[in-house]
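Proteins come first, then strands; the chains are lettered A, B, ... in the order of their sequence lines, and each starts at number 1.
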Amino acid sequence: MAELISGRQLRRVATIGAVAAVVVLYLCMVGLVEAFKDRNVVTGVITLGAVMLLAVPLIAGYRAALPARDPSGPTPGPAQRIVFGLLVGLIAGAVLGVFVLIASAVDVRGVLVRISPPLLAFISFGLPSGLAQLAITGVGGLVGALGALLLVSPARIRNAVTSGLVAVLFMSMIEPLLRPRLEQLDYTAISDFLYKAHGLTEMASILCFVVGAGAALLWQPGNELVRRSIEAAPVQTRRRIRGWTIAVLVVAVLILPQVSGTFLAQVAVLVGLYLLLALGLNIVVGYAGLLDLGYVAFFAVGAYLTALLTSPDSSLGIGLPFFVALPIVMLGAGMTGLLIGAPVLRLRGDYLAIVTLGFGEIARVLFESDALRPWLGGVQGILGIPSPFPVRIDLQLGTTHIFATGPQVLYYPIFAFCALAAVFAYRLSNSRIGRAWNAMREDESVAEATGVSTVNYKLLAFALGATTGCLSGALFAVQLGSVFPGSFDVFVSITVLAVIILGGMGSIPGVILGAIVLIGLPELLREFVEYRILVYGAVLVAMMLLRPEGLIPNRGRQRELHEAESEEEEETLDGDLMPQRGQT
Amino acid sequence: MSSQPAVHGQSGPPAAQTPAERVLELNGVHTYYGNIHALKGVTMDVAPGEIVTLIGSNGAGKSTTLRTISGIERAREGTVRLNGRDITKMPAHEVVALGVGHAPEGRRVFSRMSVAENLDLGAFRRSGPDVATDLARVYDLFPRLKERRTQKAGTLSGGEQQMLAIGRALMTQPSVLLLDEPSMGLSPILTEQIFKIISEINDQGTTVLLVEQNALMALNVAQRGYVLQTGKIILSDTAANLAANEQVRQAYLGEI
């Protein structure tokens with residue numbers, strides 16, 4: 001071994017292998033593998049649980065094959081790197097094998113509830129002890145080596161393979177969405193070709209892989225070509241292309257609930273509600289730099305005010321029409337913003353976060369309390385909120401028949417409010433107010449010394465953030481037809497903050513993408529629901545390590561955070577593995 | 001080291017003006033940071049058109065004095081008057097509007113904003129055509145800033161950032177410009193350049209209150225000076241007299 005691998009390299013391989021082993025064991029112990037072991041990715045070939053387990057040695061192998069941070073040692077050749085990957089995979093596999101051996105000999109379920117016999121059988125391929133350990137170790141090594149091979153191979157091939165795999169995974173993930181809809185629309189032939197037993201068929205998976213890989217191969221030159229021809233085009237054409245792109249996007253967004261069916265429309269409604277919240281919180285956190293962890297309070301105030309004013313069953317019992325109530329609700333929420341903002345103005349950073357966290361909880365406790373029960377309904381909440389939007393739309397427009405129910409209808413007002421809030425926020429950020437917030441966020445006392453009244457601008461941020469948040473609350477109340485204090489716990493605040501961080505603070509496209517990724521995707525993976533907070537935590541830690549400025553960053557912020565780029569590159573794969581450990 | 005510092009303007013007796021003629025007037029100002037008694041009764045004044053310098057060692061309270069004037073810190077006792085008007089209890093953003101331009105210590109520019117945006121923020125409380133005139137004036141004084149007006153302030157060199165901080169303070173159209181350690185961390189050549197520009201700003205009619213650790217340079221450009229020690233003014237005289245003062249020479253000019 002001495003001539004093949006130096007002492008330092010061996011240490012590095014051992015470390016990465018150990019990390020991979022810990023992650024694999026962790027995935028098994030928290031029950032993620034078990035939860036997904038029956039969900040087919042490619043029916044009869046591989047399940048999501050297996051994909052999850054195999055991804056670990058694959059990434060670890062890739063990581064092990066990366067050049068070491070310390071360049072002083074000899075640079076390993078391709079063959080050597082593949083050996084590194086192999087060793088890392090072997091370590092992870094062997095540890096898992098030993099774990100299975102122990103777990104099947106001793107009853108560990110008293111402590112590790114999730115280690116069930118079916119899980120153990122799943123991991124050991126149904127083989128008897130001994131043989132199973134060999135198989136697990138072997139598969140681990142093989143996959144590790146594959147990961148390394150991926151790194152060693154040329155970038156084009158690497159990209160093609162990765163995107164092919166992602167395409168297969170994606171197509172199988174959207175099965176619960178796509179298949180029922182296809183059958184509903186009478187495309188049974190397509191759905192039968194694509195899916196079998198909730199997973200892709202073998203033929204379909206090959207097709208998906210080829211399409212994904214092909215797209216990746218064509219992407220680079222194609223993208224280059226399109227970009228160059230757009231750049232070469234005269235200004236007028238370019239403007240027209242832009243106009244068309246926007247028009248197509250708008251139309252796509254408008255017909256989405258029609259095409260996708262009720263379930264996706266429901267998901268879109270949820271995404272829209274969170275997007276509104278995120279746009280509001282983005283004003284407070286992203287623009288003004290005030291870390292507010294109690295944002296749910298405004299969501300709750302919006303929902304409760306709407307309920308009080310519009311529901312005939314509420315304590316007020318006045319039953320105002322929704323659009324008459326809305327301005328009052330917004331005003332009320334703005335006042336709440338000022339009320340919460342005023343006492344915490346002198347606090348900065350962490351202290352502000354702690355106090356607002358408290359305010360958020362206070363709001364929930366108040367809504368829940370028995371003392372206020374005659375007015376706010378206590379735990380039972382307020383029922384009978386009428387919806388101002390029709391329950392169903394049944395239209396015959398020429399030859400097209402438009403039929404929409406429930407969320408498919410609600411989608412449109414929510415979308416309109418989101419668009420309004422986004423435009424408002426965008427205009428705000430480029431205004432004098434936006435500049436004042438910018439200055440305040442960067443250096444409060446200097447901002448004050450240039451004439452920015454930080455007190456007023458902080459209050460303004462709180463009030464505007466509150467108003468946007470309450471809009472979401474109002475729509476939420478209308479959507480459910482009732483409000484309960486249970487809907488307004490601290491996780492709403494955390495989730496909205498996570499959306500902003502993931503998307504990119506202060507960036508509106510980022511916030512939109514963040515809402516889609518963080519709210520939309522988990523809805524499509526129902527099995528994840530139990531692990532949602534775990535995954536959020538993992539995603540946030542990974543983001544802080546890999547891309548602290550968010551997915552679509554605000555222009556100014558990106559440069560600042562990427563000064564130490566070269567160092568960060570090395571961290572890349574650690575980031576994927578560490579969050580799971582951090583959750584234990 | 002030169003022992004004959006040049007003196008600009010007339011070196012009349014200090015504080016000879018009548019109260020109405022003073023731009024800035026501090027009377028027995030006490031400022032605290034929590035329980036720390038930072039300023040223990042500072043009394044000083046600045047007349048129109050002057051450069052007055054406040055010298056003293058580290059922690060003497062020089063920056064605190066400036067921060068108290070501009071309203072970032074609040075005086076617990078005593079009064080601060082600007083053009084005869086009591087501004088002691090006024091919040092910082094209103095003090096700016098009345099004519100105190102503050103270029104804080106350590107080149108605190110808004111590093112993620114462009115040079116032009118920084119200057120623009122200086123004129124945050126103002127509008128109208130004279131903003132453009134002042135911008136042209138700042139770009140005249142600092143041609144480097146004009147060259148780099150689209151660049152992010154954080155990417156400027158130390159000297160350029162200092163210029164930007166001064167330029168931003170000038171954009172507030174101050175009747176008195178407070179400069180806090182403009183030479184800090186700059187090379188001798190840049191320091192000289194900055195001081196030349198300070199004289200130029202003063203020649204154009206802006207009153208300057210200058211805080212410096214580089215006492216020699218400060219006394220060179222100033223007409224009068226105050227020496228601050230542990231929160232108290234221990235000396236006040238013309239710049240020339242201070243530069244010649246035995247005590248000052250020993251303590252601040254590095255002579256034995």
Side-chain angles (χ1 to χ4, degrees), chain A residues 282 285-290 341-342 345-348 351 428-461 504-507 510 548-550 552-565, chain B residues 63-64 66-74 90-114 116-127 131 151-155 161 164-174 177-180:
Chain A
N282 188 41
V285 180
Y287 293 164
L290 307 165
L345 277 177
R346 291 176 60 85
L347 302 173
R348 291 183 191 192
Y351 305 102
L428 210 54
S429 73
N430 289 314
S431 69
R432 187 182 141 83
I433 297 172
R435 270 182 300 145
W437 280 336
N438 234 336
M440 197 171 83
R441 197 184 61 224
E442 281 203 27
D443 194 324
E444 208 172 312
S445 46
V446 179
E448 206 157 335
T450 59
V452 176
S453 163
T454 52
V455 171
N456 293 351
Y457 281 98
K458 278 182 179 179
L459 282 178
L460 186 67
M505 276 198 206
S507 143
E549 74 278 24
I552 308 180
N554 175 293
R555 269 165 292 145
R557 218 165 282 196
Q558 187 169 26
R559 187 188 45 73
E560 183 145 307
L561 287 166
H562 271 269
E563 247 122 58
E565 186 71 303
Chain B
S63 293
T64 308
L66 294 195
R67 290 169 68 86
T68 306
I69 294 169
S70 69
I72 297 172
E73 302 299 335
R74 192 66 53 87
M90 207 174 266
H93 63 273
E94 285 172 30
V95 173
V96 181
L98 287 180
V100 174
H102 189 170
E105 190 178 2
R107 304 170 216 141
R108 284 163 69 174
V109 293
F110 301 117
S111 56
R112 289 172 192 159
M113 296 186 200
S114 71
E117 284 171 322
N118 264 278
L119 293 175
D120 206 29
L121 264 162
F124 190 76
R125 308 277 306 183
R126 305 167 51 203
S127 59
V131 173
Q151 207 171 312
K152 295 272 179 234
T155 63
Q161 289 191 14
L164 181 55
I166 296 175
R168 191 181 55 199
L170 278 176
M171 288 301 289
T172 64
Q173 209 178 31
L177 179 64
L178 311 182
L179 295 178
D180 199 346

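B:R108 touches chain A through backbone and side chain together, each having a heavy atom under 4.5 Å away. Within the 4.5 angstrom heavy-atom criterion, atoms from both the backbone and the side chain of B:L121 approach chain A.
Between the side chains of A:T454 and A:E448, at least one donor N or O lies within less than 3.5 Å of an accepting N or O.
A cation-pi contact links A:R432 to B:F124, judged by a cut-off of 6.0 Å to the six-membered ring centre and 45° from its axis.
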May I have the step-by-step check of salt bridge (charged side-chain N to carboxylate O under 4.0 Å, His left out) for A:E444 and A:K458, ending in yes or no?
CA-CA 11 Å; A:E444 208 172 312; A:K458 278 182 179 179; 3.1 Å; yes

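At distances below 3.5 Å, at least one donor-acceptor pair connects side-chain atoms of A:R441 with backbone N or O atoms of A:Y287.
Ranking B:M171, B:H102, B:R168 against chain A, the residue ahead of the rest is B:R168, based on heavy-atom pairs under 4.5 Å. Of the listed residues (B:T172, B:V109, B:D120), the greatest number of heavy-atom pairs within a distance under 4.5 Å of chain A belongs to B:D120.
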